[in-house]
Amino acid sequence: MMKQKVMRIAGMLMIAATLLIIPVTPVTALSGVAVTLSSTGTSDLFGYAGEYIIFATLGMQLTGDGDAITVTFPVGTVVPENLTGVTVVATLGAINGTPNIAAILNRYTVSGNPGKCTVTLTLGPGDLIGEAAQIRIYIPVSAGVINPKIAGDYTLTLKTTKEATPITSNTYTVMGLLAPGGPPPMVTVYNAEGVRIFQDTNYNALYDGVSKVTGDHWTIKISNGAHSDETVIIPARVKNLLITNEADNWANTVVADWVVDGSGVTFHNLILAPGVENHGIIVNAPGVKFYGCTFIKTGTAGTTPVQTLLTFNNNIPGTQCTIDNCTFDTSLGGVKDIGILVNTSAAGLEITGCKFITDYSEPPDAHPWKEDDAIVVNSGCTIRGNEFSGSGHGINVAAGEVIIANNTFTGVHEVLRITRERPSSVTFESNTVDKCGIRIAAWPPNGTNTIELDPGVGSMTTLVNNKFSGTGNY
């Protein structure tokens, strides 16, 4: 009996000893990795800086003794070495077995590894996050993490120094220029004989496609939008190029800045928005035409910068450029934008059959007023048969021989302003002006004149056969 008891006790000691050397599995494990890519502004657009919010639940506690959290973005994401504005917060967690201990995150540092597409948050002395705590990492647009340049669905991973096996997140979507599920953007280039020379759907397809044009009378067809974060330059050697919309697909927004040095270029049936340089389209050559295009701003009401949608510089006498049946909408955001800027010495521009939509931002949001100008003229041009609406300015003339005829102005704060920068000759004829100007005692106290004349020495202004109704001031 004694022998059996001794053996039983020895067996129990061996089992206890075995239990002591078996690793203890934590109550929880790293889990719940979830990411949201904001859809505000251009945050979820390919090739733009994104705003990311990342959640995870820790399985093991982290302390300031060298512990870190690493987020690995998908290949194609551009991660800078130095990131600003990245933050991490955490809920209560268990520290050394004691539950409900508040996290301390006062001295952590953030670093990026461009080669590995990683963002690492390293805890500093005194920092700690408990076991089973949920963490929230915020990466703002200002941090400069650039989305991949190919639209599609992506995942990222998260790991810690205590739990080194990466956990994969949910899927997030990097957008192209269409809604989810739409076909990819496509740029196709044809030579003068109609032979297809180039076709691509990648991020740089627009920039690459224009570079393939080597002759006259070529055609570029854009389907489902296009984008370029480099200014698209049409060189002087390119003549009579047609850039048009494939199959009248009106989801066809082209987000890019352009410099047009080639003569006879035609933009047809496109939605055009400025790119990252915000200067829109700059025309330096004669014979350039815009027909049936819609010009819009980029960004959101809260993020859009000051933008000029189209700048006209052609200064070759005896040549002509036309803007016909287009829409210029600068109403997004309370900043002072310009629809069309006609620069000094420019010549031969005719604007017909277009619609201009402007806005303004008044005090206290903006002081002084930030009013759009539909058209700013520093040289001669003809403005005929257009519609002006919204609450901004219509036409601002600083110089040149300008004909303004057969237009309709509705509700704009100032239809025409002529300044004294240089001599001008302005004919304002057969226009219809309704409910324009701002009455006295409105902000500003003296209101706003429907027409403001302050011409330079040697200038002439002629008003003939116009109809005014419902206006605040004249």
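Numbering of residues begins at 1 and proceeds along the displayed sequence. Keep in mind that what you see is a predicted model, and the values were worked out from it rather than measured. We use all heavy atoms of the structure for the numbers below, so side chains are in, but hydrogens, waters and symmetry mates are not.
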Donor-acceptor contact present, side-chain His413 to main-chain Ser391, <3.5 Å: yes
Quick one, Leu158 with Thr168, criterion side chain to side chain contact (heavy atoms under 4.5 Å, CB included). Give me CA distance, side-chain angles, the key distance, then yes/no. CA-CA 7 Å; Leu158 184 145; Thr168 302; over 6 Å; no
Could you list the residues that satisfy side-chain contact (heavy atoms from CB on, under 4.5 Å) with Pro114, not counting sequence neighbours? Glu81
Set out, in order, the CA-CA distance, both residues' side-chain angles and the distance that settles side chain to side chain contact (heavy atoms under 4.5 Å, CB included) for Tyr108 and Val88, then state yes or no. CA-CA 9 Å; Tyr108 64 89; Val88 59; 3.7 Å; yes
Test item: Asn343 side-chain N/O and Ala346 main-chain N/O as donor-acceptor pair under 3.5 Å: no
Evaluate the side-chain proximity of Phe356 to Ile340: yes if any heavy-atom separation is below 4.5 Å, no if none is. yes
Rounded at 0.5 Å granularity, tell me how far CD1 in Ile69 sits from CD1 in Ile54. 10.5 Å
Do other residues, nucleotides or ligands put more than 12 heavy atoms under 6.0 Å from the OH atom of Tyr207? no
Measure the spacing between CZ of Phe295 and CG of Leu310 and express it to the nearest 0.5 Å. 5.0 Å
Exactly one of Asn147, Val119, Val174, Val145 clears side chain to side chain contact (heavy atoms under 4.5 Å, CB included) with Thr77, and that residue is Val145
Is any side-chain heavy atom of Phe388 closer than 4.5 Å to one of Ile375? yes
Donor-acceptor pair, side chain of Thr161 and main chain of Ala68, under 3.5 angstrom: yes
So which atom in Arg237 and which in Thr214 form the shortest heavy-atom distance, rounded to 0.1 Å? NH1-CA, 3.7 Å
Would you kindly say whether Thr155 and Ser169 are connected by a side-chain donor-acceptor distance under 3.5 Å? no
Closest heavy-atom pair and its distance - Val306, Asn278: O-CB, 4.1 Å
Quick one, Asp153 with Thr173, criterion side chain to side chain donor-acceptor pair (under 3.5 Å). Give me CA distance, side-chain angles, the key distance, then yes/no. CA-CA 4 Å; Asp153 293 334; Thr173 301; 2.7 Å; yes
Side chains of Leu242 and Ile220 in contact at under 4.5 Å (non-hydrogen atoms): no
OG (Ser228) and CD1 (Ile233) are apart, to the nearest 0.5 Å, by 10.0 Å
For the side chain of Ser43 and the backbone of Gly50, is there at least one donor-acceptor N/O pair under 3.5 Å apart? no
Among all residues two or more places apart in sequence or in another chain, which pass the salt bridge (charged side-chain N to carboxylate O under 4.0 Å, His left out) test with Lys162? Asp67
Should Leu128 and Ile95 count as side-chain neighbours, where that means a heavy-atom distance under 4.5 Å? yes
Gap separating the SG atom of Cys293 from the CG atom of Asn269, nearest 0.5 angstrom: 6.5 Å
Side-chain heavy atoms of Met60 within contact of Glu163, under 4.5 Å: yes
Of the non-hydrogen atoms in Ala285 and Gly262, which two are nearest, and what is the gap between them? CB-O, 3.4 Å
Heavy atoms, side chains only, cut-off 4.5 Å: are His393 and Asp372 in contact? no
Run the side chain to side chain contact (heavy atoms under 4.5 Å, CB included) check on Val259 and Ile234 step by step: do they pass? CA-CA 6 Å; Val259 173; Ile234 301 176; over 6 Å; no
In terms of ring plane angle, is the pair Phe267 and Trp258 parallel, tilted or perpendicular, where the classes change at 30° and 60°? perpendicular
Judged by atom type as modelled, is there a donor-acceptor pair below 3.5 Å linking the side chain of Asp257 to the main-chain atoms of Gly275? yes
Should we count CZ of Phe198 as having more than 12 external heavy atoms under 6.0 Å? yes
Show the nearest heavy-atom pair for residues Thr330 and Asp359, with the distance to one decimal. O-OD1, 3.5 Å
Closest non-hydrogen atom pair, Ala49 against Gly144: CB-CA, 4.4 Å
Quick check: closest heavy atoms across Asn386 and Thr352, and the distance to 0.1 Å? OD1-C, 3.3 Å
Do Val213 and Ser211 come close enough that some side-chain heavy atom pair is under 4.5 Å? no
Sole residue of Thr344, Val397, Asn396 in side chain to side chain contact (heavy atoms under 4.5 Å, CB included) with Asn378: Thr344
Would you please say whether a donor-acceptor pair under 3.5 Å links the side chains of Asp337 and Gln307? no
When you look at Glu387 and Asn407, which way does the side chain to side chain donor-acceptor pair (under 3.5 Å) test go after all the steps? CA-CA 6 Å; Glu387 297 178 11; Asn407 302 283; over 6 Å; no
Would you please indicate yes or no on a ring centroid separation below 6.0 angstrom for Tyr52 and Tyr138? no
Could you tell me whether the side chain of Thr219 reaches within less than 4.5 Å of the side chain of Leu241, counting heavy atoms only? no
For the residue pair Asp324 and Thr322, confirm or rule out a side-chain donor-acceptor distance under 3.5 Å. no
The reported gap from CG in Leu309 to OG1 in Thr294 (rounded to nearest 0.5 angstrom) is 11.0 Å
Take atom CZ of Arg107 as the centre, draw a 6.0 Å sphere, and report whether it contains more than 12 heavy atoms from other residues, nucleotides or ligands. no
Nearest 0.5 angstrom please: Phe328 CZ to Ile351 CD1, how far? 7.0 Å
Are a donor atom and an acceptor atom from the side chains of Asn113 and Thr118 found within less than 3.5 Å of each other? no
Derivation of the side chain to side chain contact (heavy atoms under 4.5 Å, CB included) call for Met186 and Thr188: CA-CA 7 Å; Met186 180 179 292; Thr188 308; 3.9 Å; yes
Can a donor-acceptor pair be found, under 3.5 Å and without considering hydrogens, that links the side chain of Thr408 to the backbone of Val433? no
From the list Ile281, Leu206, Asn245, Val187, side chain to side chain contact (heavy atoms under 4.5 Å, CB included) with Val254 holds only for Leu206
Side chains of Ser345 and Asn315 only: does a donor on one sit below 3.5 Å from an acceptor on the other? no
Just do the side chain to side chain donor-acceptor pair (under 3.5 Å) check on Asp329 and Thr327 with the steps written out, would you? CA-CA 6 Å; Asp329 187 348; Thr327 297; over 6 Å; no
Flag, side chain of Asp373 to backbone of Gly394, donor-acceptor distance under 3.5 Å: no
